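Have a look at the structure below before the remarks.
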Amino acid sequence: MNSTSITAQSGYLGQARVLAQAPSTDALGAGPNLRTAGDTVPLPWDNVSQYLSGQGMRLNLEHAPRQFAGGLANLNYLVEIDGTDYVLRRPPLGEVLPGANDMAREHRVLQALAPHYPYAPRSVLYCDDDAVMGAHFQIMEYRSGRVISGAHLPPDIVAPAIGQKLAGSMVDLLVQLHALDPAKTGLGDLGKPEGFLARAVSGWTRRAELASKDEQHQSVRFISAWLEKNRPSELPPTLLHADFKLDNLILHPQTLEPLALLDWDMSTRGDPLFDLATMLSYWTEAGDPPAMQELAQMPTAGYGFPSRNDVVQAYACATGRDVSNLAFYRVLCLFKLSVVFMQLHARYRSGATTDPRYSRFGELSHGLLEFTHDLAQGRHV
């Protein structure tokens, strides 16, 4: 699997090989990032075992399922079935918004993509019977590797230009995904690509109005009106991941080549620049305002990562797509991200979650909304 390297000065795509030193033995031997047994959200594993037995699968309860650390939504567990490790995924506890955390969609997409896109883990089972564990769930292939999350790279990754390599890999994976023919993968009827952007604007405006506080309403109205006024003609639809970012990649422990792309539960067909702008909404630069720095989703503000503009030009060069209207997509996807944090904070305010991380999301969503407002007015790129 070749990774793509972005040359910031000229914005073209070239080839790069291994640029990271191998992690230390301790780092490699640490295994998957799992919660402690005490912190793992319990599920009715006896029920799950009985259900899987009826499907001809044996869940090993002597090797207790453990929840993966990190993440703010779906619950993911490392389970052993028939002597092999798998991942069991289910929606979060409590109320789930319509269309969100869609395990059925993810199962279908991964089954279809696995033969065509090597970064899509196989999904081996989907259960729509809520009686088994209180929600539908799926079981998918487990791919071992490392995940990079947050604003800082682990200390064992010391290579120069590592940001170029990781950025190139992300662009390359998007380019490959957007080059697939949905019909040839069996996903030619996935989603509703006609009117995709119009529905995105109206849908996220509606969610913002429900979740925002009074002081945010004026910004929401301005951004929504700007999006309606500046909505471009849609590009021909492609398959979309719809939440593409670095911590959804599993990387080879030594080479940092991508091994898998996770979290396909929002995937659909639509304008490919939506995927690009989604990734850029997490792409912090050193000069960004505090809210983007606090977002801390990817380490792109340092380590030799290219600028957002360089990423856009690399994608445009690789695909030949017109990116002249990218400002619209950037505003839309930053607006979406600010609303997501509004919704998460609303869950905290209502008592649906007591996770202390959610307590700061109100202030964060407000700062992201201000950044979106400024972007719409041309004060940022």
Side-chain angles (χ1 to χ4, degrees), residues 1-21 119 146-154 157-179 241 243-249 251-252 255-258 261 272-289 291-331 333-334 337 368 371-372 374-375 378-381:
M1 300 177 188
N2 291 335
S3 66
T4 302
S5 175
I6 299 173
T7 300
Q9 290 79 7
S10 57
Y12 67 85
L13 298 175
Q15 296 302 310
R17 296 308 302 166
V18 179
L19 293 178
Q21 291 185 355
Y119 311 102
R146 73 184 304 170
V147 174
I148 295 175
S149 61
H152 301 286
L153 289 177
I157 300 177
V158 296
I162 188 59
Q164 289 282 340
K165 175 180 174 62
L166 292 173
S169 292
M170 287 189 282
V171 172
D172 191 42
L173 263 63
L174 270 188
V175 170
Q176 289 185 50
L177 177 63
H178 295 167
H241 179 272
D243 194 26
F244 192 93
K245 53 193 173 82
L246 183 58
D247 65 2
N248 278 334
L249 291 181
L251 306 172
H252 188 282
T255 67
L256 301 186
E257 294 286 344
L261 174 58
L273 295 188
F274 182 85
D275 252 356
L276 177 62
T278 294
M279 178 176 71
L280 296 178
S281 69
Y282 299 112
W283 199 285
T284 300
E285 295 185 357
D288 284 344
M292 284 296 292
Q293 305 298 335
E294 185 184 353
L295 185 62
Q297 287 284 307
M298 301 195 295
T300 53
Y303 306 103
F305 274 87
S307 69
R308 289 185 289 257
N309 184 63
D310 289 326
V311 170
V312 171
Q313 296 309 312
Y315 178 88
C317 181
T319 64
R321 292 191 172 97
D322 180 5
V323 296
S324 59
N325 290 315
L326 194 72
F328 167 85
Y329 300 86
R330 290 268 291 122
V331 171
C333 290
L334 269 174
L337 186 60
L368 290 173
F371 185 51
T372 307
D374 288 348
L375 181 64
R379 291 199 285 262
H380 288 283
V381 294

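It should be emphasised that the depicted structure is a prediction, and the values quoted were computed from it without experimental measurement. The first residue of the sequence shown is numbered 1, and numbering continues consecutively from there.
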Below 4.5 Å, heavy atoms only, C-beta onward: do Leu249 and Ile148 meet side chain to side chain? no
When you measure from the side chain of Arg308 to the backbone N and O of Trp283, does any donor-acceptor pair fall under 3.5 Å? yes
Is it the case that the side chain of Gln297 and the backbone of Ala151 share a donor-acceptor pair, with hydrogens and angles ignored and the cut-off at 3.5 Å? no
Which atom of Pro258 lies closest to which atom of Leu251, heavy atoms considered: CA-CD2, 3.8 Å
For Thr300 and Thr284, indicate whether the former's side chain and the latter's backbone hold a donor-acceptor pair under 3.5 Å. yes
With rounding to the nearest 0.5 angstrom, report the OG1 to CG distance, Thr372 to Leu337. 8.0 Å
Rounded to the nearest 0.5 Å, what's the gap from CG on Leu166 to CG on Leu153? Could you check? 6.5 Å
Can you list the steps and then say if Ser307 with Asp310 is a side-chain hydrogen bond (donor to acceptor under 3.5 Å, both in side chains)? CA-CA 5 Å; Ser307 69; Asp310 289 326; 3.1 Å; yes
To check you understand the geometry: which heavy-atom pair defines the closest contact between Phe371 and Pro289, and what is its length? CD1-CG, 3.4 Å
Return the CZ to SG distance between Phe244 and Cys333, rounded to the nearest 0.5 Å. 13.5 Å
Straight-line distance of Arg321 CZ to Leu273 CG, nearest 0.5 Å: 7.5 Å
Where do Gln293 and Asp288 land on the side-chain contact (heavy atoms from CB on, under 4.5 Å) test, with the steps shown first? CA-CA 7 Å; Gln293 305 298 335; Asp288 284 344; 3.6 Å; yes
Heavy atoms of Pro299 and Leu246 approach each other most closely as CD-CD2, 3.7 Å
Check: Tyr329 and Leu276 side chains under 4.5 Å, non-hydrogen atoms: no
Side-chain heavy atoms of Val312 within contact of Arg330, under 4.5 Å: no
Counting C-beta onward and ignoring hydrogens, is there a side-chain heavy-atom pair between Val311 and Leu280 closer than 4.5 Å? yes
Could you tell me whether Asp172 and Lys165 have a side-chain N and a carboxylate O separated by less than 4.0 Å? no
Measure from the side-chain N and O atoms of Asn248 to the backbone N and O of Asp243, and report whether any donor-acceptor pair falls under 3.5 Å. yes
Applying side-chain hydrogen bond (donor to acceptor under 3.5 Å, both in side chains), name anything that partners Glu294, two or more places apart in sequence or on another chain. Arg360
Any heavy-atom pair between the side chains of Glu285 and Met292 that's under 4.5 Å? no
Can you tell me how far the OG atom of Ser169 sits from the CG atom of Leu174, to the nearest 0.5 Å? 11.5 Å
Could you tell me if the side chain of Asp247 sits less than 4.5 Å from the side chain of Met298, heavy atoms only? no
Backbone N/O of Ala161 and side chain of Tyr303: donor-acceptor pair under 3.5 Å: no
I need the Met170 CE to Lys245 NZ distance, nearest 0.5 Å. 11.5 Å
Is it true that the side chains of Tyr315 and Asp275 contain a donor and an acceptor less than 3.5 Å apart? no
